A.B. asks: 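Have a look at the structure that comes next, please.
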Amino acid sequence: MTKLKGVVEMINYKNEHYTLYIGGENAIVYEVNGTNEKIPFSWPRFELNGIQTSAPVSFVEKNRTELTDSIISIVGEGVLDNGATLKMELRVSPFSPIVRFCYVLSSENDLKMTKTQKEVLNYFEYPVSDNSELTEVRLSVYDHLAHSYQLEEIKAFEFEDQLMGPILAEHRISTDVSVLTAYEHGSTYPNKFIVFERENNNIAIRALKGNYWNGLSVKETPYETIWLQIGAVKGSVDDLARAYREFQLKYCTLNSESRKPYIFYNTWAYQERNKFYNKTTYLASMNKERMEKEIDIAHRMGVDVFVIDTGWFSKTGDWEVNLEEFPDGMRSVREQLEKYGMKLGLWFNPTVAAVTSKLLKKYPQSVAKINGKDPTAFSVWETEESLPMCIVSEYWKAFADTLIELVDKLGVTYFKWDGIGMYGCNRRDHFHGGDDSTEEEASDCYAFLSGIYMSKIIDRVCAVHPEAIIDFDVTEGGRYFGLGFLSSGKYFAINNGPYYSNYDISVSDDVWSNIFVFPGPARTWVCRKELCYDKWIPSVLFMTHYLPDDPKRSQLINLASLILGQNGIWGDLLNISEDGVNLFNSVLSVYKRVCDDITSAYPHVVGTPGTTFEAREKIYNGRGVVVLFGNFNGTYEYKVHENAKTDKITVFGNVEVEENDGLKLRATFGEYNCAIVFFE
């Protein structure tokens, strides 16, 4: 690699975990404190005007800023030998071993990103140890059995040469150091845009498709890379997972509200029941009177955020309240929620605008098109017909500003996003193509950039309203799923089985055969499978809705499941018994006293959802919960792994707590059942 020839100002940063040396022959050298491990990460390599770049010929620190009390930004800037400017931003925390960084490439000269043979963008390379064990952590494998994404840990490079990741973990056996590299993007496996590749003892993260288009001018539009992640700990990959989980919870994003363990209620399940049980419409219950009654019950149950799903609006695009169903513009709903100390949430599809909307009239050039064909308007959940909009166009700011205005006007602070596919536009006059690009490139670049622009929208909203939370429904495959969105928001992990027909259940059209909508343990088996992410990424970032319907045994199983971090409820609140409402209030009242500890706790798990016995322990600094599930008659024992430092223990269900050489729980179940043991 070409060494620096000009002004060199080595930038250093040190915390209790590592020492960074930034700017030099390598972009970053990461030294694991207390060891001999120094890991060099190379400068990125671009192709500009047909020539690959090398290291900057100069590099200096430009600024260092405390973004929060736990996140610091360090910005350096260098000049490449072709005159282009390369800016690097790092975000570090005094409390975490994980580092985020990205680059911005710009030029005052006419320099363009090109593809002589293929996409040339190496984000970084680094050496691996001769005797290391490599594990690929896949996030976006869609499980059609569970109707959700699932995490998989796979021995790296055993089955593929190009790994999707987006996390690669390496345990260096000789030094007992574990190293993490990762990238912030997302797509459903195996739709790869970025890959890990190994050549001898070097690993590179490089672009595969869609990262840029041929002819992209960095003079006209500076090129911003994705964010990248590196880190290391002394210890095993499990120790690394613990550290990474804490990073995702506390030090990854400036939008910290998305990490808080609120209890969410969503109106959709009853809307769906209206359609399929009551043979009316999805929007039959979408009115002021019904919402106010539900808010009263939700408050009594212990709900923090009341989410009104689709149909609250008069038309997409403008996102104004439907005054026919909410004549006062939702003023009374807002006042009622504020009286109870609850937050308001609303449903959105950011990629549609009604044909008569003011937004569509203002941004007609932002309509999404495929191969130049005008799209056909379609109805959005029984509302006015809409056209698809491209969020990788100037429209993105208009949508973000609409959300900001809604916070001011309605007090809404939670935004549920739905219906956003990765593909849908290949226009070359938007921000994902140009005169020299092909329509195929424009399509791939739209898919690559769609999630990045989703984060831009979120960050624009949260910069004005840091109390805002935005989640994205990833129930269906083919969506933007990975680390990219989690740097700004959170996921809505499981809906009511949109693909349940893949079970090949043959019934008449007038029968609702969806197996995910009934009380009992079955839905919870499916929903708890999403807790597989909790080893690496906190479950609070994968909201899933459980059912509050009677009978009590079903309610307790659903409560036991949701308090493990997914924290969502939906159903027919007006038909829950008084005892059921009180049960939710009793359990959630205790939960809220230890919810921050449960959110922070690393999980200890025995069994899997649906098996004879399943135990899940979430205890942090002596406080938290153990939940036991049984699906067969019998008595089950569980020894508590962490030290519970309290005498205040609250039990729900048939379980005994024994203190003899540590804590032991003994639960007796008849058929399927559960028990909850809180440690305060």
Side-chain angles (χ1 to χ4, degrees), residues 11-23 26-42 64 66-74 88-102 123-124 126-129 132-137 139 153 156 165-184 196 203 205 227-254 256 259 483 486-487 533-538 541 599-603 620-621:
I11 305 169
N12 293 341
Y13 176 80
K14 184 175 182 177
N15 65 17
E16 63 179 294
H17 302 282
Y18 61 76
T19 302
L20 292 184
Y21 305 96
I22 308 160
N26 294 286
I28 302 169
V29 175
Y30 184 112
E31 180 179 0
V32 185
N33 292 345
T35 75
N36 294 321
E37 289 286 2
K38 287 187 176 182
I39 309 161
F41 295 93
S42 71
R64 189 174 295 212
E66 290 189 5
L67 302 177
T68 70
D69 58 2
S70 59
I71 301 176
I72 299 167
S73 169
I74 302 172
M88 178 202 299
E89 179 181 1
L90 300 97
R91 292 192 179 176
V92 297
S93 171
F95 313 111
S96 175
I98 310 299
V99 178
R100 300 176 70 221
F101 62 100
C102 68
Y123 290 102
F124 62 74
Y126 67 102
V128 295
S129 174
S132 63
E133 296 176 343
L134 290 162
T135 302
E136 176 192 6
V137 183
L139 300 186
E153 293 177 302
I167 298 172
L168 187 63
E170 174 196 1
H171 182 223
R172 301 188 170 188
I173 298 172
S174 59
T175 57
D176 192 30
V177 168
S178 292
V179 180
L180 176 142
T181 53
Y183 63 87
E184 296 183 11
F196 296 86
I203 290 178
I205 295 182
W227 285 85
L228 305 156
Q229 301 174 359
I230 58 175
V233 300
K234 178 71 174 175
S236 67
V237 169
D238 285 348
D239 296 319
L240 184 65
R242 280 177 176 263
Y244 188 77
R245 187 186 184 282
E246 184 178 49
F247 160 75
Q248 277 289 346
L249 181 64
K250 299 178 180 179
Y251 313 118
C252 177
T253 181
L254 302 180
S256 59
R259 270 61 178 164
L483 297 177
L486 291 180
S487 64
Y533 289 97
D534 204 22
K535 175 180 178 179
W536 288 89
I537 302 171
L541 295 177
T599 302
S600 296
Y602 189 78
Y620 181 78
N621 287 338

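Computed from a predicted structure; not experimentally measured. Along the sequence shown, the residues carry numbers beginning at 1.
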A.B. asks: Ignoring hydrogens, what is the shortest heavy-atom contact between F196 and A182? Give both atom names and the distance.
C.D. replies: CZ-CA, 4.2 Å

A.B. asks: Can you confirm whether E184 sits close enough to C102 that some side-chain heavy atom of one is under 4.5 Å from a side-chain heavy atom of the other?
C.D. replies: no

A.B. asks: With F41, which residues qualify under ring-ring contact (aromatic ring centres under 6.0 Å, His included), at least two apart?
C.D. replies: F124, Y126

A.B. asks: What's the separation between atom CG in D69 and atom CZ in F95, rounded to the nearest 0.5 Å?
C.D. replies: 7.0 Å

A.B. asks: Please report the shortest heavy-atom distance between A169 and L240, naming the atom on each side.
C.D. replies: CB-CD2, 3.9 Å

A.B. asks: Are side-chain heavy atoms of I98 and Q248 found at a separation under 4.5 Å?
C.D. replies: no

A.B. asks: Working to the nearest 0.5 Å, report the span between CZ of R259 and OG of S600.
C.D. replies: 12.5 Å

A.B. asks: Which heavy atom of T253 sits nearest to which heavy atom of S487, and what is that distance?
C.D. replies: OG1-O, 2.8 Å

A.B. asks: Is there a donor-acceptor contact under 3.5 Å from the side chain of S70 to the main chain of Y251?
C.D. replies: no

A.B. asks: Run the side-chain contact (heavy atoms from CB on, under 4.5 Å) test on T175 and N36 for me, step by step, so that the C-alpha distance in whole Å, both residues' side-chain angles and the decisive distance to 0.1 Å come before the verdict.
C.D. replies: CA-CA 8 Å; T175 57; N36 294 321; 5.8 Å; no

A.B. asks: Excluding sequence neighbours, so at least two apart, what forms ring-ring contact (aromatic ring centres under 6.0 Å, His included) with Y533?
C.D. replies: F481, F542

A.B. asks: Taking the side chain as everything from C-beta on, heavy atoms only, tell me whether E133 gets closer than 4.5 Å to I173.
C.D. replies: yes

A.B. asks: Can you tell me how far CG of L486 sits from CG of L541, rounded to the nearest 0.5 angstrom?
C.D. replies: 5.5 Å

A.B. asks: If every non-hydrogen atom of L483 is compared with every non-hydrogen atom of P166, which pair is closest and at what distance?
C.D. replies: CG-CG, 3.8 Å

A.B. asks: Assess the residue pair I203 and L168 against the criterion (side-chain contact (heavy atoms from CB on, under 4.5 Å)); give the C-alpha distance rounded to whole Å, side-chain angles, the decisive distance to 0.1 Å, and a yes or no.
C.D. replies: CA-CA 10 Å; I203 290 178; L168 187 63; 3.6 Å; yes

A.B. asks: Heavy atoms only: give me the nearest N26-S42 pair and the separation to one decimal.
C.D. replies: OD1-CA, 3.9 Å

A.B. asks: Any donor and acceptor pair, going by atom type alone, linking the side chain of S132 with main-chain N or O of R172 inside 3.5 Å?
C.D. replies: no

A.B. asks: Would you find a donor on one side and an acceptor on the other, under 3.5 Å apart, between the side chain of Y123 and the backbone of L228?
C.D. replies: no

A.B. asks: Indicate yes or no for a side-chain donor-acceptor contact from T35 to the backbone of V32 under 3.5 Å, with no hydrogens or angles considered.
C.D. replies: yes

A.B. asks: Any side-chain heavy atom of I230 within less than 4.5 Å of one from F101?
C.D. replies: yes

A.B. asks: Would you call L20 and Y18 a side-chain contact if the rule is heavy atoms closer than 4.5 Å?
C.D. replies: yes

A.B. asks: Under the 3.5 angstrom rule, does the side chain of S178 hit a backbone N or O of G235 as a donor-acceptor pair?
C.D. replies: yes

A.B. asks: I'd like to know whether D176 forms a side-chain contact (heavy atoms from CB on, under 4.5 Å) with H171, so could you lay out the CA-CA distance, the side-chain angles of the two residues, the decisive distance to 0.1 Å, and finally the verdict.
C.D. replies: CA-CA 7 Å; D176 192 30; H171 182 223; 2.9 Å; yes

A.B. asks: Is there a side-chain contact between P97 and Y30 in this structure, where contact means two heavy atoms from C-beta onward sitting under 4.5 Å apart?
C.D. replies: yes

A.B. asks: Taking G165's backbone N and O only, do any of them form a donor-acceptor pair with E136's side chain (distance below 3.5 Å, no angle check)?
C.D. replies: yes

A.B. asks: Once rounded to the nearest 0.5 Å, what's the spacing between atom CD1 of I205 and atom OH of Y183?
C.D. replies: 8.0 Å

A.B. asks: Output the distance between atom CD (E153) and atom CH2 (W536), rounded to the nearest 0.5 Å.
C.D. replies: 6.5 Å

A.B. asks: Regarding T19 and N12, do their side chains bring together a donor and an acceptor under 3.5 Å, going by distance alone?
C.D. replies: no

A.B. asks: Looking at R64, E66, E89, R91, which hits side-chain hydrogen bond (donor to acceptor under 3.5 Å, both in side chains) with S73?
C.D. replies: E89

A.B. asks: Can you tell me how far CD1 of I537 sits from CG of L249, rounded to the nearest 0.5 angstrom?
C.D. replies: 11.5 Å

A.B. asks: Apply side-chain contact (heavy atoms from CB on, under 4.5 Å) to residues E170 and S129 and explain how you reach the verdict.
C.D. replies: CA-CA 9 Å; E170 174 196 1; S129 174; 3.7 Å; yes

A.B. asks: For the pair R245 (side chain) and A601 (backbone), establish whether a donor and an acceptor sit closer than 3.5 Å, ignoring hydrogens and angles.
C.D. replies: yes

A.B. asks: For N15 and N33, work out which heavy atoms get closest and say how close.
C.D. replies: O-ND2, 2.7 Å

A.B. asks: Any carboxylate oxygen within less than 4.0 angstrom of a Lys/Arg side-chain nitrogen, looking at K234 and D239?
C.D. replies: no

